[in-house]
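Presented below is the structure to which this report refers.
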Amino acid sequence: MIEKIIRFIPSSRAKNGVFLILSITAVICMLANDHAFNQVARDFFPPRALSLNLGGGNCRWQPPIYDVPENITFTKTLIAGFPSGDKRMTFIQMEALTGLSARDEWDFAFLGPTNQPFIKANYPHHEGIWGWGDRADQVIMVVRNIRRSMVEYHDILWDIGYAKTFSEATERLDNLYAERPPIEDFYAWRDLRVLDEIHWYGWFIDYYMEGGLMRDMFNHKITTPDHWFMLMQPTRYTKEEMAYDLIVGPDTFVSPSYDQHCLNDVTTGCEPIEIISAERLVEADTGPAEGRKIANALVNRTGIKDYLIEEEAWECVWTELIINKKGLKTFIDREGAGERDYNFSEEMLNEMIKELNRLIVKYSGPSWNTKPTANYLEDLLNEHLDLLQVEYAEVVAGTRMLTANDFLGPETRRNMIGSNTFS
């Protein structure tokens, strides 16, 4: 009978500490029945659906619990990233490693607080909201290739029907990651947004790396709180209406200001304790190591440590999710056209390259190069830059042909129309 209680214990490390009281409980319950015994187990330990460690590096994935007990104190992790499907890939690892579920920033904002220890966030991007109050303790930032981010960002919006409200988005959540949208829909959206979103991508990284320092995303200058909050509302103000020179002034000295949320509402601040690569996480040769980084970010964390599966099963958990595709759908499950099937114009690729070069120079500089997170970020962005430069060379050389229906920037479109060079 004692095994019936032990199976509820969050981890093997916790078993020794409670073995005596369990033994006494077992003796008492022998005088009763299994129903009484199970009730004691439920009173002592919350129900969970932890992935099972079968020993010898083997495991069996199980879904997490969504009704997380409110009477347990957890170190809560904010999983932040530019909108592109990468955060889901990260939090499902955390869920499988612990048996505890994650929750979206918008759910906190519209449905009220819960005790989920993993918080998914697009904030401060305009697709996000600081909805979780002061419930975060540490930050992990997920970084995905800028080009792929642009494709997946649109595709997620298409999945939820370009929803404008929380209820509209919620109704369409089952559509996420099922298929690629019609490529014409991608072109229409990208013509409107991609050149600006390239700068939002770099600005997002700067925000977290610098602990919430307020900057203009278009010129990267430190800005005022009033201007910063305008920038976060691109559907309310036009780009011209919130131009830095107009609102702040070209020669104005601006003292650094930080988002108050980062100063007051995250225990260790907004600078990430770890950076995860979405691409490396899903590759066979790099994925297990990236998954280990996620697990290590949870080791010895209050509450979490009692739920974290044993280290010998970490790689198996990764395999269950990425190779065997257990659990929620992610960006690797989409059917239809591949991301490489979407063309970007020469000027768009050039803008991406410029933004990555800016970030690489910044985070390889003397102010940053002693930080492991900055070193990893630099290495990651250099990898992305190499891929972009290859594609850019293909477009310039004409080996990667653009057509009238491809995604073209305004400069490229004018040039092609003017010379009648549509293929």
Side-chain angles (χ1 to χ4, degrees), residues 81-89 122 125-128 144-165 167-201 234-235 238-239 278-279 329-353 355 384 387-388 390-423:
F82 184 87
S84 61
D86 48 9
K87 297 174 292 298
R88 174 180 284 219
M89 189 64 72
N122 293 320
H125 189 275
H126 56 86
E127 299 289 355
R144 196 175 183 200
N145 179 303
I146 188 171
R147 182 202 192 279
R148 292 175 175 173
S149 292
M150 296 299 145
V151 173
E152 191 61 44
Y153 174 21
H154 165 263
D155 291 356
I156 293 170
L157 290 177
W158 183 84
D159 290 342
I160 59 174
Y162 305 101
K164 300 296 184 184
T165 67
S167 59
E168 288 175 354
T170 302
E171 290 170 0
R172 299 179 175 95
L173 289 181
D174 289 343
N175 298 335
L176 284 171
Y177 308 107
E179 58 182 334
R180 291 284 177 200
I183 204 162
E184 294 80 10
D185 290 6
F186 171 78
Y187 295 148
W189 181 84
R190 293 302 185 159
D191 272 338
L192 293 173
R193 290 301 314 161
V194 72
L195 283 172
D196 285 348
E197 291 297 342
I198 288 169
H199 297 284
W200 280 85
Y201 174 93
T235 59
T238 66
K239 192 173 178 180
E279 282 82 18
K329 286 184 178 180
T330 66
F331 63 76
I332 63 175
D333 295 307
R334 285 196 187 277
E335 297 181 357
E339 290 176 340
R340 285 281 296 174
D341 294 328
Y342 296 87
N343 280 335
F344 288 83
S345 72
E346 180 179 329
E347 67 188 289
M348 300 259 173
L349 293 171
N350 186 52
E351 200 66 28
M352 293 180 195
I353 288 169
E355 187 64 12
H384 300 169
L387 294 172
L388 277 175
V390 169
E391 183 174 350
Y392 180 79
E394 291 173 350
V395 171
V396 172
T399 55
R400 185 179 177 93
M401 298 296 293
L402 303 180
T403 73
N405 293 321
D406 277 330
F407 178 52
L408 311 177
E411 273 304 312
T412 305
R413 193 182 302 282
R414 280 194 296 271
N415 291 340
M416 294 182 73
I417 291 175
S419 58
N420 278 326
T421 55
F422 295 126
S423 60

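Residues: numbered from 1 along the sequence shown.
- The two residues Ala163 and Ala169 have their closest heavy-atom pair at CB-N, 3.5 Å.
- For the atom pair CG of Leu349 and CG of Leu387, the computed distance is 11.5 Å after rounding to the nearest 0.5 Å.
- Atom CG of Asn343 sits about 9.5 Å away from atom CZ of Phe186, to the nearest 0.5 Å.
- Comment: Arg172 does not engage Asp159 in a salt bridge, judged by the lack of any side-chain N to carboxylate O separation of less than 4.0 angstrom.
- At distances below 3.5 Å, not a single donor-acceptor pair connects side-chain atoms of Ser167 with backbone N or O atoms of Thr165.
- In this structure, Trp158 and Pro181 approach most closely via the heavy-atom pair CD2-CB, 3.0 Å.
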Intermediate values then yes/no, side-chain contact (heavy atoms from CB on, under 4.5 Å), Val151 and Phe344: CA-CA 10 Å; Val151 173; Phe344 288 83; 4.0 Å; yes

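- Applying the side-chain hydrogen bond (donor to acceptor under 3.5 Å, both in side chains) test to every pair with at least one member in residues 192-201, sequence neighbours left out, gives these pairs: His125-Glu197, His126-Glu197, Arg193-Glu197, Asp196-Lys239, His199-Glu351.
- Interatomic distance, CE of Met348 versus CG of Asp191, reported as 6.5 Å (0.5 Å rounding).
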Arg147 vs Glu391, side-chain contact (heavy atoms from CB on, under 4.5 Å): CA-CA, chis, key distance, verdict: CA-CA 11 Å; Arg147 182 202 192 279; Glu391 183 174 350; 2.6 Å; yes

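- Residues Ile160 and Leu176 are in side-chain contact: their nearest non-hydrogen atoms beyond the backbone lie under 4.5 Å apart.
- Side-chain contact between Trp189 and Asp185: absent, with no pair of heavy atoms (C-beta onward) separated by less than 4.5 Å.
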Test log, rule side-chain contact (heavy atoms from CB on, under 4.5 Å), inputs Tyr392 and Arg400: CA-CA 9 Å; Tyr392 180 79; Arg400 185 179 177 93; over 6 Å; no

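- The shortest heavy-atom contact between His384 and Glu279 is NE2-OE1, 3.8 Å.
- Pairing each heavy atom of Ala278 with each of Asp86, the nearest pair is CB-CB, 3.5 Å.
- Considering OG1 of Thr330 and CE of Met89, their distance stands at 3.0 Å, rounded to 0.5 Å.
- The structure places CG of Asn350 at 10.5 Å from CE of Met352, a figure rounded to the nearest 0.5 Å.
- Side-chain atoms of Thr399 come within 3.5 Å of backbone N or O of Glu394 as a donor-acceptor pair.
- Scanning both residues, Pro83 and Asn122, for their nearest heavy atoms gives CA-OD1, 3.7 Å.
- Not one N or O on the side chain of Glu152 forms a donor-acceptor pair closer than 3.5 Å with the backbone of Arg148.
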side-chain contact (heavy atoms from CB on, under 4.5 Å) evaluation trace for Ile156 with Glu127: CA-CA 11 Å; Ile156 293 170; Glu127 299 289 355; over 6 Å; no

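- Taking both residues in full, the closest heavy atoms of Phe82 and Ser149 are given as CD2-CB, 4.0 Å, listed atom of the first, atom of the second, then distance.
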